[in-house]
Structure formats: C-alpha cells, structure tokens
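All remarks here apply to the structure that follows.
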Amino acid sequence: MEVKAENLEVENVRATIVYPQHAILGEGSIWSDVDQVLYWIDIEGKKLFIYNPKTNCNQEFGLSDLPGTVVQRTNGELLIAIRNGITSFNPHTKEFKVMAHPNTVANNRYNDGKCDPQGRFWVSTMSLEQDNPPKASLFKINHDFQSEKVFDGVSIGNGLVWSIDQTKFYYIDTPTLNIDEMDFNAAHGTVSNRRHCISFENRNFGCPDGMTIDSEGKLWIAHWEGGRVTRWCPITKKLLLTVTIPNVSRITSCAFGDADLQTLYITTARRDGEPDSGSLFKYRFTNGIKGNAAFRFQG
C-alpha cells in the first residue's frame with residue numbers, strides 16, 4: 001500500500017555543522033569502515049572529498065568531469081562514477097583508470113549509486129536536460145566490470161538501498177516524488193514487481209534525494225528543498241523521526257559513520273542566502289540507532 005507523506009507529530013532533532021566546505025552540490029556520502037573516513041563529492045565542483053573526523057581534515061581531489069557518486073573497492077581503491085566513465089581511483093598514487101562506461105546518452109551523466117550486498121555496483125544516470133519521455137537508466141556493474149541495464153525510463157535516478165534480509169530493493173527517481181520498492185533476487189542481481197512504497201507528492205517535505213538504511217531496516221531520506229532527513233518504516237509506511245538541518249534547504253545525501261556507525265553524516269548543496277549551505281553536517285545518536293557497514297565493490 002502506498003502512503004502519502006504528511007506532517008505528523010514525530011521526534012525532531014537538529015543536525016550540527018561538521019565541516020564548512022560550501023560545496024556547490026555536495027553529494028554521495030559513504031563511510032569506510034576500513035579507513036574510518038567519509039567519502040563524499042561535489043558534483044558541480046568536480047571534486048572528491050575524504051573527511052577524517054579524528055583530524056577534522058577534509059582532503060580534496062580534483063576530477064576530470066562531473067562525478068555522481070563514489071564507492072570503495074575491496075582492493076582499497078575507490079570507484080567513482082564520473083561523467084566520462086566509471087573510474088577506479090587510487091588516493092595514494094593519484095592514478096585514475098576508466099573501467100566501464102555503460103551510459104551512451106550524450107546529455108546524461110551518472111548520479112547516485114551504491115554496491116549491493118554481493119559487491120556489484122549499481123548506478124543511475126540522469127539527464128542534463130528535461131527530457132520527456134525520460135532517457136536515463138539504472139545500470140549494474142558486475143565484478144568483471146561488464147555492465148547491464150537494470151531498467152530505463154528514469155528521470156533523475158537517486159537514492160537506492162537493499163533491505164537487511166536482501167529480499168527488497170528501494171529506489172528513488174526524484175521527480176516522481178516516490179520511494180519505490182521492488183523484489184530483489186540476490187543470486188542473480190535482478191529486481192521485479194516494482195511498486196510505490198512511500199509518496200511525497202504533496203511536496204511538504206521537498207523532493208526525495210539520497211537514501212540510506214539503518215541496522216533496523218528503516219529508510220533515511222535526504223530531502224532536496226526540504227531542509228531535513230527523515231526516517232521511515234518501509235513496512236508500516238510511518239514517519240519515525242526527522243533530522244532538521246538548520247537554515248539549509250538543499251539536503252542531498254546521508255550516511256551513517258564513525259566506528260560505531262551511530263553518527264549520521266549529511267551532505268548539502270549551496271544556495272544563495274544560506275551561508276552554511278554546501279557544508280557537511282552530522283547528528284550523533286545515543287539511543288541505539290546505527291547504520292550498517294557499506295558494501296564494497298568486489299571487482
């Protein structure tokens with residue numbers, strides 16, 4: 001059953017600023033449980049960031065074109081979805097190597113993506129124009145770097161996560177204002193039976209953007225033009241908690257981090273009149289809420 005998001009009386013907490021980066025379009029946050037750092041990007045600024053909370057240092061690397069997201073490989077390198085190809089990057093040697101490039105639509109770029117529990121890399125594209133009908137797609141990069149199109153008809157492919165029991169796949173195509181749910185076949189890496197799970201079509205929450213899932217299987221949604229991250233139960237469809245980002249409207253992604261995975265890191269995008277926009281924020285939970293270790297690409 002699809003349920004529309006409404007202004008319900010739920011707990012509301014406030015995030016605090018971690019690092020005043022002022023990214024043009026901060027995105028793609030993912031925590032490395034191996035390196036104990038947060039990887040994130042500035043899409044419009046063409047940058048990769050590595051934030052170390054122990055030193056409060058945010059290391060910066062310039063990229064050749066627009067990045068959409070970043071994940072870690074099991075060999076320690078990073079896989080960055082840059083407009084000109086899915087690129088492996090070694091932060092120590094500064095070497096880049098294009099490994100795959102499934103997108104063939106000239107005006108599309110890669111956007112959000114994550115690795116599934118089996119270590120395959122799923123990445124969406126989005127159009128740089130307002131195409132009608134939509135011309136973007138969701139792709140899957142297998143361990144051998146061979147790619148498959150999962151489905152097309154996408155406008156702005158964004159947040160994606162898998163349920164804890166690996167039987168469901170959750171996906172956001174931002175302009176639809178929905179979180180969609182699909183059945184997931186873990187062995188074959190396929191999805192089926194797509195349906196709406198939660199709808200934001202009343203726009204009171206802004207537009208759904210990035211997404212993560214916690215250890216209890218609850219969904220966390222970053223809201224573009226909504227100034228918040230919200231926590232939802234995908235089974236009951238109920239809103240459970242809101243994290244407000246003070247005086248910032250464009251919230252783009254969220255990821256649990258720190259050694260115990262109890263800190264929610266939040267990326268934002270720059271907007272005139274919002275001095276803290278584009279910065280990195282966090283909220284520290286002390287009530288048992290925590291995330292899951294991010295899956296790494298096994299290729």
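- Judged as a ring pair (Phe, Tyr, Trp, His ring centres under 6.0 Å), and not counting sequence neighbours, His22 has no contacts.
- Rounded to the nearest 0.5 Å, atoms OH (Tyr39) and CZ (Phe89) are 9.5 Å apart.
- Within 6.0 Å of the CD1 atom in Ile235, the count of heavy atoms belonging to other residues, nucleotides or ligands does not exceed 12.
- If you look at His101 and Tyr110, their ring centroids are closer than 6.0 Å.
- Checked by atom type and distance alone, the side chain of Asn107 never pairs as donor or acceptor with a backbone atom of Ser127 at under 3.5 Å.
- In this structure, CE on Met126 lies 11.0 Å from OG on Ser124, to the nearest 0.5 angstrom.
- A continuous path of Ile, Leu, Val, Met, Phe, Trp and Tyr side chains, each step under 4.5 Å between heavy atoms, connects Val37 with Leu79, placing both in one hydrophobic cluster.
- In this view, His188 and Asn185, Thr190 satisfy the side chain to side chain contact (heavy atoms under 4.5 Å, CB included) rule, not counting sequence neighbours.
- With sequence neighbours excluded, the residues that form a salt bridge (Lys or Arg N to Asp or Glu O under 4.0 Å) with Asp260 are Arg284.
- Partners of Thr242 according to the side chain to side chain contact (heavy atoms under 4.5 Å, CB included) rule, which considers only residues two or more places apart in sequence or in another chain, are Val10, Asn12, Arg228, Thr230, Leu239, Thr244.
- In terms of hydrophobic clustering, with Ile, Leu, Val, Met, Phe, Trp and Tyr side chains grouped at heavy-atom distances under 4.5 Å, Trp224 and Met211 are assigned to different clusters.
- Nearest approach of Arg83 to Arg109, heavy atoms of both residues: CG-CB, 3.9 Å.
- Residues satisfying the side chain to side chain contact (heavy atoms under 4.5 Å, CB included) criterion with Ser163, sequence neighbours excluded, are Asp165, Thr167, Lys168, Tyr170.
- Aromatic ring centres of Phe151 and Tyr171 lie closer together than 6.0 Å.
- Using a 30° and 60° split on the angle between ring planes, Phe184 and Trp122 fall in the perpendicular class, above 60°.
- Residues Lys97 and Thr87 are not in side-chain contact: their nearest non-hydrogen atoms beyond the backbone lie 4.5 Å or more apart.
- A 4.5 Å side-chain heavy-atom check between Leu63 and Phe96 finds at least one atom pair inside the cut-off.
- Checking each of Thr69, Asn111, Thr252 against Asn158 for a side-chain hydrogen bond (donor to acceptor under 3.5 Å, both in side chains) leaves exactly one that passes, namely Asn111.
- In terms of the salt bridge (Lys or Arg N to Asp or Glu O under 4.0 Å) criterion, Asp173 has no residue partners (sequence neighbours excluded).
- Checked by atom type, the side-chain pair Asp183/Asn193 shows a donor-acceptor distance below 3.5 Å.
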* To do: Start with the C-alpha gap between Lys218 and Ile213, add the side-chain angles, then the distance that decides, and say whether side chain to side chain contact (heavy atoms under 4.5 Å, CB included) holds.
  => CA-CA 6 Å; Lys218 305 303 190 292; Ile213 190 167; 6.0 Å; no
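- Considering CD1 of Ile172 and CG of Asp112, their distance stands at 8.5 Å, rounded to 0.5 Å.
- When hydrophobic clusters are built by joining Ile, Leu, Val, Met, Phe, Trp and Tyr residues whose side-chain heavy atoms come closer than 4.5 Å, directly or via intermediates, Leu48 is grouped together with Leu25.
- Below 30°, between 30° and 60°, or above 60°: for Trp162 and Phe169 the angle between ring planes is between 30° and 60°, a tilted geometry.
- The heavy-atom pair separating Gly113 from Val71 by the smallest distance is O-CG1, 4.3 Å.
- Closest heavy-atom contact between Ser279 and Thr268: O-OG1, 2.8 Å.
- To the nearest 0.5 Å, atom CG of residue Asp42 and atom CZ of residue Arg270 are 7.5 Å apart.
- Within the structure, the side-chain hydrogen bond (donor to acceptor under 3.5 Å, both in side chains) test picks out no pair touching residues 289-299 (sequence neighbours left out).
- Put simply, CG on Asp144 and CD on Gln146 are 5.0 Å apart, with the number rounded to the nearest 0.5 Å.
- Without hydrogens or angle criteria, Lys114 side chain to Ile30 main chain gives no donor-acceptor distance under 3.5 Å.
- With hydrophobic clusters built from ILVMFWY side chains whose heavy atoms lie under 4.5 angstrom apart, Leu240 does not share a cluster with Ile198.
- The hydrophobic cluster containing Ile289, built from Ile/Leu/Val/Met/Phe/Trp/Tyr side-chain heavy atoms closer than 4.5 Å, also comprises Val13, Ile17, Trp220, Val229, Leu241, Val243, Ile245, Val248, Ile251, Phe256, Leu264, Ile266, Phe281, Tyr283, Phe285.
- Between Pro102 and Phe139, the closest heavy-atom pair is CB-CD2, 3.6 Å.
- In terms of hydrophobic clustering, with Ile, Leu, Val, Met, Phe, Trp and Tyr side chains grouped at heavy-atom distances under 4.5 Å, Val123 and Met182 are assigned to different clusters.
- In this structure, Ser64 and Lys46 have side chains that are not in contact, with every pair of non-hydrogen atoms separated by 4.5 Å or more.
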* To do: Give the C-alpha distance, both sets of side-chain angles, the deciding distance and a yes or no for side chain to side chain contact (heavy atoms under 4.5 Å, CB included) between Glu77 and Glu95.
  => CA-CA 10 Å; Glu77 295 185 353; Glu95 292 180 280; over 6 Å; no
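- Residues Thr267 and Ser29 bring no donor and acceptor atom of their side chains to less than 3.5 Å of each other.
- Between the side chain of Glu27 and the backbone N or O of Ile43 there is no donor-acceptor pair closer than 3.5 Å.
- For residues 132-141, the pairs satisfying salt bridge (Lys or Arg N to Asp or Glu O under 4.0 Å) are Lys140-Glu148, with sequence neighbours left out.
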* Asked: Between His223 and Ile221, does a side chain to side chain contact (heavy atoms under 4.5 Å, CB included) hold up when you go through it step by step?
  -> CA-CA 6 Å; His223 294 268; Ile221 316 300; 3.8 Å; yes
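- In this structure, Pro67 and Lys47 approach most closely via the heavy-atom pair CG-O, 4.2 Å.
- Between Thr176 and Ser155 the shortest side-chain heavy-atom distance does not fall below 4.5 Å.
- No side-chain heavy atom of Arg73 sits under 4.5 Å from any side-chain heavy atom of Leu78.
- Side-chain contact check for Asn178 versus Ser199: some heavy-atom pair is nearer than 4.5 Å.
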* Asked: Passes side chain to side chain contact (heavy atoms under 4.5 Å, CB included), Ile86 versus Phe145? Steps please.
  -> CA-CA 9 Å; Ile86 309 299; Phe145 287 100; 5.6 Å; no
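- For the atom pair NZ of Lys149 and OG1 of Thr125, the computed distance is 8.5 Å after rounding to the nearest 0.5 Å.
- Of all heavy-atom pairs spanning Arg120 and Asn142, the tightest one is CD-OD1, 3.7 Å.
- Counting only residues at least two apart or in different chains, salt bridge (Lys or Arg N to Asp or Glu O under 4.0 Å) contacts with residues 206-215 comprise Asp214-Arg231.
- Cluster partners of Leu38 are Val18, Tyr19, Trp31, Trp40, Phe49, Tyr51, Leu261, Tyr265, Leu280, counting Ile, Leu, Val, Met, Phe, Trp and Tyr whose side-chain heavy atoms approach within less than 4.5 Å, directly or via other members.
- More than 12 heavy atoms of other shown residues, nucleotides or ligands fall within 6.0 angstrom of atom CZ in Arg271.
- Qualifying side-chain hydrogen bond (donor to acceptor under 3.5 Å, both in side chains) partners for Ser32, counting only residues two or more places apart in sequence or in other chains: Gln72.
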